[in-house]
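First the proteins, then the strands, lettered A, B, ... as listed; each starts at 1.
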Amino acid sequence: MTLRVYNTLSKEKEDFQTVKPGQVSIYLCGPTVYKPAHIGHMVGPVIFDAVKRYLTYIGYDVTFVVNITDVDDKLINRAVENKMEVSALAKEMTKDYFDNLDLMGVDTIDHFPYATEHIQEMLDIISKLIDKGFAYPLNGDVYFDVNKDEGYGKLSRRNLDDMLAGSRVEANDSKRHPADFALWKSSKEGEPSWESPWGPGRPGWHIECSAMSIKILGESIDIHGGGLDLMFPHHENELAQSECCTGKPFARYWMHNGLMQAGKSSGKIGGKHSKEGDIEETDDVGMDQASQEANKLAGSKGAASVKELFKIFHPETIRFFLLSTHYRSPIEFNDELIKEKEKNLQGFYRLFESFERITGQDFYSLTPVTLREKAVKLSGGPDNFINELNHARDRFLQSMDDDFNTGGAIGVLFEIRSQINSYIGQGKLDSGTQANDSEIQVLVSSMTLLKELSSLVGVFQKPIETSGSGDDELTGQLMELIIQIRAHARSSKNFEIADQIRDGLNNVNVTLEDRPDGTIWRKD
RNA sequence: GGCGCCGUGGCCAAGUGGUCUAAGGCAGCGGAUUGCAAAUCCGCCAUCGCGGGUUCGAAUCCCGCCGGCGCCUCCA
């Protein structure tokens, strides 16, 4: 099996070959920390977290870097609005970002470099670019000279003439070419500022990624990731300045994830509200309404902070949702779709409970292999069951090998779930009778397989904490009492009372399950 | 105007030349189980936007059309 990865640079799936054998370096463009993270900010980290998990599993030593951009126009503006120091705002928002990553189970990132801690590295690159003739200072700013770079535009496939024709690039007489972008910007009063050979200023937008990527991962890295929206101009410019500086290929594979979308005719979440600059006036009122509708959606759901979102949905549900579709496709964000994932997860959680009832073992304590080469084929149970599971593992890995197809892989997880449930059902293992040793053995190994594969997409790794802790003890005691009373009613065939109790509980979102070995309850 | 993406069952979604009369999920329907439920299991439920073409063979490649979307604006 060979891993294939879609490369934006070639627009093809390519066999995965690393710069250094056995090692993979990943740089993912991180957030500008100026406001609380929304769901869209989680997409990249979750996807590349899964990418790293898989690469690690198939034997690579992976270094994963996500930058924190803590100096930028948006940040400065918001700090002024909130009457805060830029650094204080950045610090607060960085914490918010980290908290959210943590909740989402993104724990594979090795370095979070800060832009403001790499100013010197940026200045070095800028100087080098000027020396090599790829950049020029202009009134305290420094611009990259796009005309000097033959390869400019190769990532996003556009040429400079077309860009001019597009005419959205505003003419700026002093720049040599309208598309020349700032490497260094002179700073105004009150703005964060660093000394430089061209006067006090601050970095341009793209330079920090080049500087930190090169510093931490080297001049040529394996994977550079980010949202599709960053392809141009950010990645194009990053690529240009880096390669002109080092003379080496900057990144082997460019991976771009699709964007989260709020609703049908809307743009992306938290994005623009209107195209004020657009001169097209063909829009009628209907269109306006549609876009308002979409923005409302964005405003109430998607653009809401991740923290708000987590009040409604468990982070694992969101993670599962994000990975259920292919990373390059756009995902529509809406409640119904996420609720469906919630149900999906419930099914797995019930299996875990069932597993514990039968074997007395905790699913979350199972310890699967962490390397593909150490994976062993299952054996010992009914042939067709064991064969199905072994085949399922192969198909899961094949999906992941095909450009990290987490959607296909997760589909296989469902099949494994059904297989195991079916095995349990056929042997009536979860009906109060004692399973024998070999059945338990088979169950443990098949559940361990499920844990092994789900660890690659980073779900089901630790128990989800049950919400509401304060009233738990009392609730538990009350439920025990209610169930006892109902059991009496049932045993004396007083089903009217029994059903009344069950229906009543249903109304307060408590579901009762009468199993052969007793009644259990859960909050929905 | 330029660059690019997408269109698979009621909905979500994998599959991108033969194993596809198309995985999986949600919803629905029928059955097993149950006092009835719940949970679980079994079964049913699509020819792949439209029209041409290439090929022994296409959801998968090419052309055209229709429909949706993104970027070209420091939005991840």
First encountered from the 5' end of RNA chain B, between Pro31(A) and Glu513(A): Glu513(A)
Given RNA chain B, 5'-ward residue of the pair Pro233(A) and His326(A), judged by closest heavy atom: His326(A)
How is [X] classified with respect to the nucleic acid when contacts are heavy atoms under 4.0 Å: base, sugar-phosphate, or nothing?
X         : result
Asn405(A) : sugar-phosphate
Arg486(A) : base
Lys493(A) : nothing
Arg357(A) : nothing
Gly227(A) : sugar-phosphate
Leu512(A) : base
Asn344(A) : sugar-phosphate
Arg328(A) : nothing
Ser418(A) : sugar-phosphate
Arg350(A) : sugar-phosphate

Sticking with atom [atom1], work out how far [N] lies from [M], rounded to a whole angstrom.
N      : M      : atom1 : value
A22(B) : C48(B) : P     : 12 Å
U73(B) : G18(B) : C1'   : 48 Å
G64(B) : C72(B) : C1'   : 27 Å
A23(B) : A13(B) : C1'   : 10 Å
A46(B) : U21(B) : C1'   : 10 Å
A58(B) : G49(B) : C1'   : 16 Å
G51(B) : C45(B) : C1'   : 29 Å
C20(B) : C5(B)  : C1'   : 25 Å

Does [N] have OP1 or OP2 sitting under 4.0 Å from an N or O in the side chain of [X]?
X         : N      : result
Thr325(A) : A14(B) : yes
Lys11(A)  : C3(B)  : no
Asn421(A) : C41(B) : yes
Lys74(A)  : U73(B) : no

Can you figure out which of [options] approaches the side chain of [X] most closely?
X         : options                : value
His41(A)  : A76(B), G25(B), A23(B) : A76(B)
Arg157(A) : G4(B), A76(B), C42(B)  : G4(B)
Arg417(A) : A23(B), A76(B), C26(B) : C26(B)
Thr32(A)  : C71(B), C36(B), A76(B) : A76(B)

Mutual orientation of the aromatic rings belonging to Phe98(A) and Phe112(A) [parallel < 30°, tilted 30-60°, perpendicular > 60°]: tilted
Whether Trp254(A) and His256(A) hold their rings parallel, tilted or perpendicular, with breakpoints at 30° and 60°: parallel
Ring-face cation contact, Tyr34(A) with Lys74(A), 6.0 Å cut, 45° max: yes
Base-pairing assignment for [N] (Watson-Crick or G-U wobble, both under 3.5 Å):
N      : value
G67(B) : C6(B)
G24(B) : C12(B)
C56(B) : G18(B)
C48(B) : none
G30(B) : C42(B)
G1(B)  : C72(B)

Separation of atom [atom1] in [X] from atom [atom2] in [N], rounded to whole Å:
X         : N      : atom1 : atom2 : answer
Asp335(A) : C26(B) : CG    : C1'   : 15 Å
Gln500(A) : G35(B) : CD    : C1'   : 17 Å
Glu415(A) : G24(B) : CD    : C1'   : 6 Å
Leu228(A) : C72(B) : CG    : P     : 11 Å
Arg522(A) : A39(B) : CZ    : P     : 6 Å
Phe48(A)  : A76(B) : CZ    : P     : 15 Å
Leu337(A) : C26(B) : CG    : P     : 14 Å
Leu259(A) : G68(B) : CG    : P     : 20 Å

Ring-on-base stacking G35(B) with Phe495(A) (under 5.5 Å, under 30°): yes
Check: Phe348(A) ring centroid to Phe414(A) ring centroid under 6.0 Å: yes
Between CZ on residue Arg350(A) and CG on residue Asp430(A), distance to nearest 0.5 Å: 12.5 Å
More than 12 foreign heavy atoms under 6.0 Å from [atom1] of [X]: is that the case here?
X         : atom1 : answer
Glu480(A) : CD    : no
Glu513(A) : CD    : yes
Lys428(A) : NZ    : no

Is there a donor and acceptor pair, one atom on the side chain of [X] and one on the base of [N], closer than 3.5 Å?
X         : N      : value
Arg158(A) : G4(B)  : no
Asp402(A) : G15(B) : no
Arg502(A) : C36(B) : yes

Of Asn257(A), Asn405(A), Asp403(A), the residue whose pairing with Tyr327(A) passes side-chain hydrogen bond (donor to acceptor under 3.5 Å, both in side chains): Asp403(A)
